[in-house]
Amino acid sequence: MKIKLLLFCVFISFLSCKKKVITQSQVPTENQKKIGKWYNDITCLSKAAIDSNGIFAAKIEQAASNEPNEYKAMSLIVMGIQSSNTSSYTLALKYYEKSLQLLSKSNADTLKAMSYLNIGTVYNITGDYPKALESLYKSLRIYEKANHKIGICSVNTTLGEVYFQKDNPAEAKKHLEIALKALENDKSNPVYLHATHILANVYGMTGDFEKALKIDATGIRITDSTANLKIKTSFLDNKANCFLFSNKIDSAQYYFNECLKIDIALGNKKQIADTYSNLGALFSMKNDFAQAEKYTLQSIAILQSIDGKPNLVKSYDILSEVYSKQKQFEKAYTVQLKKHENYILMMTAKKVTAEAEFKIVYETQKKEAKIQLLKKEEKIKELKITRRNYLILTFLIVLLSIWLTWYFWKSKQQLRNKLNEERIIKKTEEHERIRMAKDIHDDLGSGLSKINFLSEIILQKTEHLPEVKTSSEAIKATAMKMIDNMRDLIWALNPENTTIANLIARMREYTTDYLDDFDIELHYDIPNSIPQTTISKESHRELFMVLKETLNNITKHSQAKHVFFSVSIDNASLVIVLKDDGIGFDKPASGNGLKNMKSRLNTIGGSFEVESKTEMGTVVKVNILLKKISKE
């Protein structure tokens with residue numbers, strides 16, 4: 001998240017430095033010139049310390065207090081940047097939204113576009129993708145109308161990041177290619193290089209290593225020509241990861257070491273720690289556990305010194321894996337306990353930060369309300385009513401306004417209350433589901449993990465006791481099964497996951513993981529674009545349980561070598577088909593499996609068909625009307 005925030009600041013800097021905002025036809029005053037200079041200073045100094053930016057923000061806020069709205073908007077944008085730099089995203093959004101209010105009747109389109117871009121970037125960081133897309137497209141329309149090349153590149157790059165995080169790589173690539181097209185004649189521009197790096201990362205994460213490496217090579221060549229080491233190391237890191245995930249370990253090691261040289265030269269402790277953890281994972285893959293332990297411990301030491309709690313989780317996981325591979329399960333268990341302690345501390349710190357942020361928001365609102373009250377009192381003192389008729393007319397207008405307000409309020413109050421109650425109930429249900437998922441994950445998950453580790457230790461110590469060993473293996477198997485079921489439950493409880501697109505993605509992930517343990521080859525036929533239609537959690541659960549039961553039947557009875565998983569969807573219905581090339585059957589078994597699956601689908605208004613012949617395989621087809629399961 002911090003990396004995204006830094007890139008966000010880089011976007012802002014180049015947008016501001018490239019083109020200054022001119023909002024008035026008259027010659028600006030000396031104070032207005034000073035505000036413009038400070039505005040460009042803070043947005044251009046992307047490498048400045050947070051405290052230095054805070055000083056600029058305070059100066060411009062004070063200087064703009066009595067200036068036209070365009071200069072006040074500059075001040076608010078700067079305050080928003082400063083709040084984002086300190087992770088106070090709620091406060092940052094308030095500043096950006098207020099800047100748009102001030103600019104509602106202004107022609108300062110560059111400032112409006114920048115505010116929308118900043119709002120979209122913050123929502124991207126906080127994971128509210130619908131709001132992020134709404135603001136980013138507003139910004140894009142303004143920049144396209146003005147043919148603002150850097151703005152077009154910046155917004156499309158952020159859109160690419162949003163769609164990639166939403167698991168839509170095709171849409172992400174489309175926007176990133178538009179971003180690169182906008183600045184194809186200015187390839188040394190850091191905004192262009194950032195878009196290039198994100199596109200390479202998308203190709204790498206989707207397994208197209210050849211394209212990713214080609215883009216990385218171009219980026220490295222450009223950064224070498226401009227001596228931009230800070231951006232070069234991001235291309236080197238992506239290149240190293242491509243080699244790592246394509247099992248070219250020696251090449252990955254070389255480029256991670258190149259990253260480390262630059263990180264050390266720049267003195268970037270966080271990046272040094274990240275590279276150490278990458279090297280730890282690499283040496284673990286090479287089964288060089290001494291080196292893996294050494295690099296991972298170095299990463300942990302640095303992260304502890306800079307209070308890098310979020311990244312400590314990754315390093316602890318790598319160290320735990322290193323110990324587990326060496327069957328040092330007690331050490332692995334100790335590391336997992338440290339990871340859990342770090343998680344608790346991190347959650348506590350986040351809570352304290354959030355409370356402080358809300359306090360700042362409250363104090364800011366209170367301060368603004370006090371200023372507005374003082375201004376109203378001053379205006380009241382300046383008013384001089386000279387005629388009695390004006391007083392009478394004003395009094396009558398007030399009475400009429402109160403009566404009209406009361407009349408309309410009375411007629412709509414019942415509807416308003418009903419809508420509010422429905423919103424509160426829905427929000428309460430979602431919060432309760434999220435809370436339950438967190439409680440299950442924190443309490444039950446840690447307990448099951450502990451059982452799994454302890455049973456592994458018992459297995460190591462009871463090789464000569466067959467009965468104890470058998471019981472320990474049963475305990476371990478049960479714990480692993482409960483962990484898998486718990487993950488499915490947590491995933492289903494999250495309100496954001498109960499969409500058709502997320503259901504199909506989860507089915508595909510589960511099918512891949514499940515069949516990975518068997519000698520069965522899996523084939524997919526799934527549309528690239530699946531709607532994000534919200535469905536009921538009951539239908540989500542029943543469809544997923546039918547899939548699990550079908551896969552269990554295939555692996556248990558079919559003797560299949562290939563399984564074909566296909567999905568088709570239109571405006572009316574969703575069809576899911578699982579087909580195998582196994583031994584098939586002429587008459588289904590007398591068990592309850594197929595009856596249970598039909599019963600599950602009947603409860604949500606779906607149909608279930610099974611077609612099979614001996615030696616001809618089996619086809620399981622699920623057909624369900626979207627209107628039966630949709631919550632919209």
Side-chain angles (χ1 to χ4, degrees), residues 1 3-4 7 160-161 163-173 176 193-220 223 231-263 270-289 291-296 298-299 310-311 313-322 324-325 505-506 508-517 521-524 526 528:
M1 185 174 288
I3 293 174
K4 291 180 182 176
L7 295 173
E161 289 183 277
Y163 279 114
F164 186 58
Q165 291 168 10
K166 284 170 58 64
D167 198 26
N168 190 345
E171 193 69 14
K173 291 174 186 176
L176 290 166
L193 290 172
H194 175 63
T196 303
H197 170 251
I198 297 299
L199 182 59
N201 192 34
V202 171
Y203 278 122
M205 294 296 289
T206 53
D208 196 340
F209 301 120
E210 183 178 351
K211 286 186 178 179
L213 290 170
K214 185 176 179 181
I215 295 172
D216 287 327
T218 301
I220 292 170
T223 52
I231 298 180
K232 178 181 178 180
T233 188
S234 62
F235 287 107
L236 289 172
D237 181 77
N238 191 62
K239 192 170 184 178
N241 278 293
C242 284
F243 283 127
L244 184 65
F245 290 112
S246 58
N247 207 28
K248 297 179 181 178
I249 305 300
D250 292 335
S251 297
Q253 182 178 345
Y254 172 79
Y255 285 104
F256 278 136
N257 283 326
E258 290 297 304
C259 285
L260 187 60
K261 292 177 185 177
I262 296 175
D263 294 337
K270 180 185 174 299
Q271 291 303 120
I272 293 171
D274 286 347
T275 304
Y276 277 146
S277 66
N278 286 332
L279 286 168
L282 182 145
F283 279 106
S284 178
M285 292 175 65
K286 294 176 71 173
N287 291 328
D288 187 345
F289 301 121
Q291 286 291 89
E293 181 181 17
K294 168 191 166 186
Y295 280 115
T296 309
Q298 286 178 316
S299 173
N311 291 338
V313 173
K314 174 185 174 183
S315 295
Y316 280 137
D317 276 338
I318 294 170
L319 186 59
S320 177
E321 182 182 359
V322 170
S324 295
K325 283 184 175 181
R506 178 60 180 144
R508 177 172 180 168
E509 178 186 17
Y510 180 85
T511 304
T512 302
D513 291 342
Y514 189 90
L515 295 181
D516 196 39
D517 295 330
E521 185 174 349
L522 180 60
H523 306 272
Y524 290 110
I526 298 176
N528 290 329

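It should be emphasised that the depicted structure is a prediction, and the values quoted were computed from it without experimental measurement. In this chain, numbering begins with 1 at the start of the sequence shown.
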*Asks:* Taking the side chain as C-beta and beyond, is there a heavy-atom pair between I231 and H197 under 4.5 Å?
*Replies:*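 Answer no - side chains too far apart.
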
*Asks:* Atom CG of L213 and atom CD1 of I220: how far apart are they, to the nearest 0.5 Å?
*Replies:*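 It is 9.0 Å, given to the nearest 0.5 Å.
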
*Asks:* What is the distance from atom OH of Y203 to atom OG1 of T206, rounded to the nearest 0.5 Å?
*Replies:*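 It comes to 8.0 Å.
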
*Asks:* Around D513, counting heavy atoms of other residues, nucleotides and ligands shown, do more than 12 lie under 6.0 Å from its CG?
*Replies:*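 Yes, CG of D513 has more than 12 neighbouring heavy atoms, counting only those of other groups under 6.0 Å.
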
*Asks:* When rounded to the nearest 0.5 angstrom, what is the spacing between CG in L236 and CD1 in I262?
*Replies:*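 Those atoms lie 5.0 Å apart.
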
*Asks:* Distance-only criterion, 3.5 Å: show the donor-acceptor pairs between side-chain atoms of residues 276-284 and protein atoms not counting sequence neighbours.
*Replies:*
unit_1 : atom_1 : unit_2 : atom_2 : d
S277   : OG     : D274   : O      : 2.7
N278   : OD1    : K314   : NZ     : 3.0
N278   : ND2    : D237   : OD1    : 3.4
N278   : ND2    : D274   : O      : 3.3
S284   : OG     : K325   : NZ     : 3.3

*Asks:* On a heavy-atom basis, which atom in C259 and which in T233 lie closest, and how many Å separate them?
*Replies:*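 That would be SG-O, 3.6 Å.
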
*Asks:* Can you tell me if D517 has over 12 outside heavy atoms packed within less than 6.0 Å of its CG?
*Replies:*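 Counting neighbours around CG of D517, more than 12 heavy atoms of other residues, nucleotides or ligands fall under 6.0 Å, so yes.
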
*Asks:* Could I get the full list of side chain to side chain contact (heavy atoms under 4.5 Å, CB included) partners for N201, not counting sequence neighbours?
*Replies:*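 With neighbours one apart ignored, the set is M205, N238.
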
*Asks:* What pair of heavy atoms forms the shortest contact from T296 to S315, and how long is it?
*Replies:*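 In terms of heavy atoms, the two residues are closest at CG2-O, 3.2 Å.
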
*Asks:* Could you give the distance from CD1 (I198) to CZ (F164), rounded to the nearest 0.5 Å?
*Replies:*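 The distance works out to 9.0 Å.
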
*Asks:* Compare every heavy atom of L244 with every heavy atom of M285, then report the nearest pair and how far apart it is.
*Replies:*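 Result for this residue pair: SD-CD1, 3.5 Å.
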
*Asks:* Can you give the donor-acceptor pairs under 3.5 Å from side chains of residues 246-255 to other protein atoms, not counting sequence neighbours?
*Replies:*
unit_1 : atom_1 : unit_2 : atom_2 : d
S246   : OG     : C242   : O      : 2.7
S246   : OG     : F243   : O      : 3.2
Q253   : OE1    : K286   : NZ     : 3.0
Y255   : OH     : K239   : NZ     : 3.1

*Asks:* Closest approach of I526 and R508, non-hydrogen atoms and distance?
*Replies:*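 I526 and R508 have their closest heavy atoms at CD1-CD, 3.9 Å.
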
*Asks:* Are the side chains of F256 and N241 in touch, meaning some heavy atoms are under 4.5 Å apart?
*Replies:*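 Touching, per the 4.5 Å side-chain cut-off.
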
*Asks:* Only counting residues at least two apart or in another chain, list the ones meeting ring pair (Phe, Tyr, Trp, His ring centres under 6.0 Å) with Y163.
*Replies:*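 If we apply the ring pair (Phe, Tyr, Trp, His ring centres under 6.0 Å) test to Y163, skipping adjacent residues, the hits are H175.
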
*Asks:* Roughly how far, to the nearest 0.5 Å, is the CZ atom of F209 from the CZ atom of F245?
*Replies:*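 Nearest 0.5 Å value for the CZ-CZ distance: 7.5 Å.
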
*Asks:* Would you mind reporting whether E161 and K166 have side-chain heavy atoms less than 4.5 Å apart?
*Replies:*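 K166 vs E161: side chains apart.
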
*Asks:* So which heavy atom on A200 is nearest to which on D216, and how close?
*Replies:*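 Smallest interatomic distance, heavy atoms only, reads CB-OD1, 3.3 Å.
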
*Asks:* With rounding to the nearest 0.5 angstrom, report the CG to OG1 distance, L260 to T275.
*Replies:*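 OG1 of T275 is found 5.5 Å from CG of L260.
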
*Asks:* Tell me whether S320 contacts the main-chain N or O of Y316 through its side chain, where contact means a donor paired with an acceptor under 3.5 Å.
*Replies:*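 Such a contact is absent between S320 side chain and Y316 backbone.
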
*Asks:* Holding to side chain to side chain contact (heavy atoms under 4.5 Å, CB included), I want the full list of residues that pass it with K294, two or more places apart in sequence or in another chain.
*Replies:*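 Checked K294 against side chain to side chain contact (heavy atoms under 4.5 Å, CB included); matches are Q291, Q298.
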
*Asks:* Taking side chain to side chain contact (heavy atoms under 4.5 Å, CB included) as the definition, give me every residue that meets it alongside T196, ordered by chain and number, with sequence neighbours left out.
*Replies:*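 Only L180, Y192, I215, F235 meet the side chain to side chain contact (heavy atoms under 4.5 Å, CB included) criterion with T196.
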
*Asks:* Are the side chain of T218 and the backbone N or O of K214 linked by a donor-acceptor pair below 3.5 Å?
*Replies:*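 Looks like yes, one N/O pair under 3.5 Å.
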
